[in-house]
Amino acid sequence: MGGDFMSKKQNVVKGRFGEEASVEFLKRKRYKILDINFRCKIGEVDIVARDKSTIVFVEVKSRQSNQYGYPSEAVNYHKQRKISKVALYYLQSKKLFDYDYNIRFDVIEILDYLEDVKVNHIINAFELTV
């Protein structure tokens with residue numbers, strides 16, 4: 001049981017590192033960060049940002065190797081559907097439907113190879129799926 005707890009703790013630390021790296025990456029690209037870890041009864045989205053007239057919902061996936069595939073591969077149909085529903089809830093709760101925003105779903109992969117961190121930003125990674 002101790003190993004399970006440590007593994008979960010390590011995943012949380014890795015996840016936070018990935019989210020922080022992604023936020024900094026997006027800021028450098030002049031995105032305006034609207035929310036980080038937005039949660040509601042439906043689920044959660046890692047980052048909500050604005051890129052000019054587009055609201056961007058970003059899922060961050062971090063891995064230390066490609067042994068089990070690329071991080072973005074973990075954003076399967078089920079995960080896309082959940083993110084889409086959270087995005088619709090977010091837009092409604094923030095009354096953003098009243099504005100002429102486009103919406104987009106991106107994935108940021110953080111590949112953390114010991115001292116070499118690579119960021120792969122997949123723009124328009126998937127379509128609204130409900």
Side-chain angles (χ1 to χ4, degrees):
M1 187 153 78
D4 243 11
F5 174 74
M6 286 307 293
S7 175
K8 287 179 185 176
K9 186 175 179 183
Q10 288 169 335
N11 285 341
V12 168
V13 169
K14 276 191 288 186
R16 282 204 191 113
F17 168 77
E19 288 167 3
E20 288 170 9
S22 297
V23 164
E24 290 309 310
F25 175 83
L26 292 171
K27 284 180 178 178
R28 283 195 305 276
K29 290 178 78 174
R30 301 211 186 278
Y31 284 54
K32 181 177 182 352
I33 305 302
L34 303 176
D35 262 301
I36 300 170
N37 293 321
F38 174 79
R39 285 183 174 79
C40 66
K41 61 186 175 203
I42 301 165
E44 181 223 352
V45 66
D46 293 327
I47 301 169
V48 183
R50 196 175 78 227
D51 178 23
K52 300 177 184 90
S53 64
T54 302
I55 303 293
V56 184
F57 296 91
V58 182
E59 179 68 11
V60 178
K61 289 295 179 190
S62 303
R63 292 231 177 116
Q64 289 183 313
S65 79
N66 288 334
Q67 183 178 353
Y68 300 107
Y70 285 94
S72 61
E73 293 171 2
V75 186
N76 58 25
Y77 174 79
H78 177 71
K79 184 74 173 167
Q80 292 173 17
R81 199 161 168 225
K82 184 165 285 251
I83 294 167
S84 294
K85 289 178 180 181
V86 173
L88 292 173
Y89 181 90
Y90 181 89
L91 294 168
Q92 185 177 29
S93 69
K94 302 289 184 179
K95 299 187 181 0
L96 294 175
F97 280 123
D98 300 340
Y99 300 95
D100 197 18
Y101 287 117
N102 298 311
I103 67 164
R104 189 176 81 213
F105 298 93
D106 293 0
V107 173
I108 293 182
E109 295 178 316
I110 303 294
L111 304 164
D112 185 4
Y113 303 114
L114 297 171
E115 294 187 21
D116 184 26
V117 176
K118 295 195 183 323
V119 178
N120 182 25
H121 184 191
I122 304 166
I123 295 173
N124 211 17
F126 61 92
E127 299 291 323
L128 181 69
T129 309
V130 284

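This chain uses plain numbering: 1 for the first residue, then up along the sequence.
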Quiz item: Do other residues, nucleotides or ligands put more than 12 heavy atoms under 6.0 Å from K95 NZ?
Solution: no
Practice problem: Working to the nearest 0.5 Å, report the span between CD of E19 and CD1 of I36. | Solution: 8.0 Å
Quiz prompt | Minimum side-chain heavy-atom gap K94-D35 below 4.5 Å | solution = yes
Quiz prompt | Interatomic distance, N124 atom CG to I103 atom CD1 [nearest 0.5 angstrom] | solution = 10.0 Å
Quiz item: Do you know which of V45, I42, L128 makes side-chain contact (heavy atoms from CB on, under 4.5 Å) with S84?
Solution: L128
Practice problem: Kindly indicate whether the side chain of P71, heavy atoms from C-beta on, has any atom under 4.5 Å from the side chain of L111. | Solution: yes
Exercise. State, with a plain yes or no, whether a side-chain heavy atom of F17 is found less than 4.5 Å away from one of V117.
Key: yes
Exercise. Starting from the C-alpha separation in whole Å, work towards a yes-or-no answer on side-chain contact (heavy atoms from CB on, under 4.5 Å) for I123 and H121.
Key: CA-CA 6 Å; I123 295 173; H121 184 191; 3.7 Å; yes
Quiz item: Would you say T129 and F105 make side-chain contact, with heavy atoms under 4.5 Å?
Solution: no
Quiz item: How are the rings of Y89 and F38 set relative to one another: parallel (under 30°), tilted (30 to 60°) or perpendicular (over 60°)?
Solution: tilted
Quiz item: Between I122 and I108, is a side-chain contact (heavy atoms from CB on, under 4.5 Å) present by the stated rule, with each step listed?
Solution: CA-CA 6 Å; I122 304 166; I108 293 182; over 6 Å; no
Exercise. Please report the shortest heavy-atom distance between T54 and Y101, naming the atom on each side.
Key: N-CD2, 4.4 Å
Practice problem: Report yes if some heavy atom in the side chain of I55 is under 4.5 Å from a heavy atom in the side chain of N102; otherwise report no. | Solution: no
Quiz item: side-chain hydrogen bond (donor to acceptor under 3.5 Å, both in side chains) with N120: which residues, sequence neighbours excluded?
Solution: E109
Self-check item: Within residues 39-51 or reaching into it, pairs that qualify as salt bridge (charged side-chain N to carboxylate O under 4.0 Å, His left out) - sequence neighbours excluded
Solution: D51-R104
Practice problem: State which residues pass salt bridge (Lys or Arg N to Asp or Glu O under 4.0 Å) with K79; sequence neighbours excluded, sorted by chain then number. | Solution: E59
Practice problem: Assess whether side-chain contact (heavy atoms from CB on, under 4.5 Å) is satisfied between E20 and E24, documenting all intermediate values. | Solution: CA-CA 6 Å; E20 288 170 9; E24 290 309 310; 5.8 Å; no
Exercise. List the atom of L34, the atom of Y90, and the distance in Å for their closest heavy-atom pair.
Key: CB-OH, 3.6 Å
Quiz item: Do V86 and C40 have side chains that get closer than 4.5 Å, going by heavy atoms?
Solution: yes
Quiz prompt | Side-chain touch S22/V58, heavy atoms, less than 4.5 angstrom | solution = no
Quiz item: With a cut-off of 6.0 Å (strictly less than), are more than 12 heavy atoms of other residues, nucleotides or ligands near CG of D100?
Solution: no
Quiz item: Under a 4.5 Å cut-off applied to non-hydrogen side-chain atoms, are D106 and Y31 in contact?
Solution: yes
Quiz prompt | Inter-residue atom distance Q80.CD - Y77.OH, 0.5 Å rounding | solution = 8.5 Å
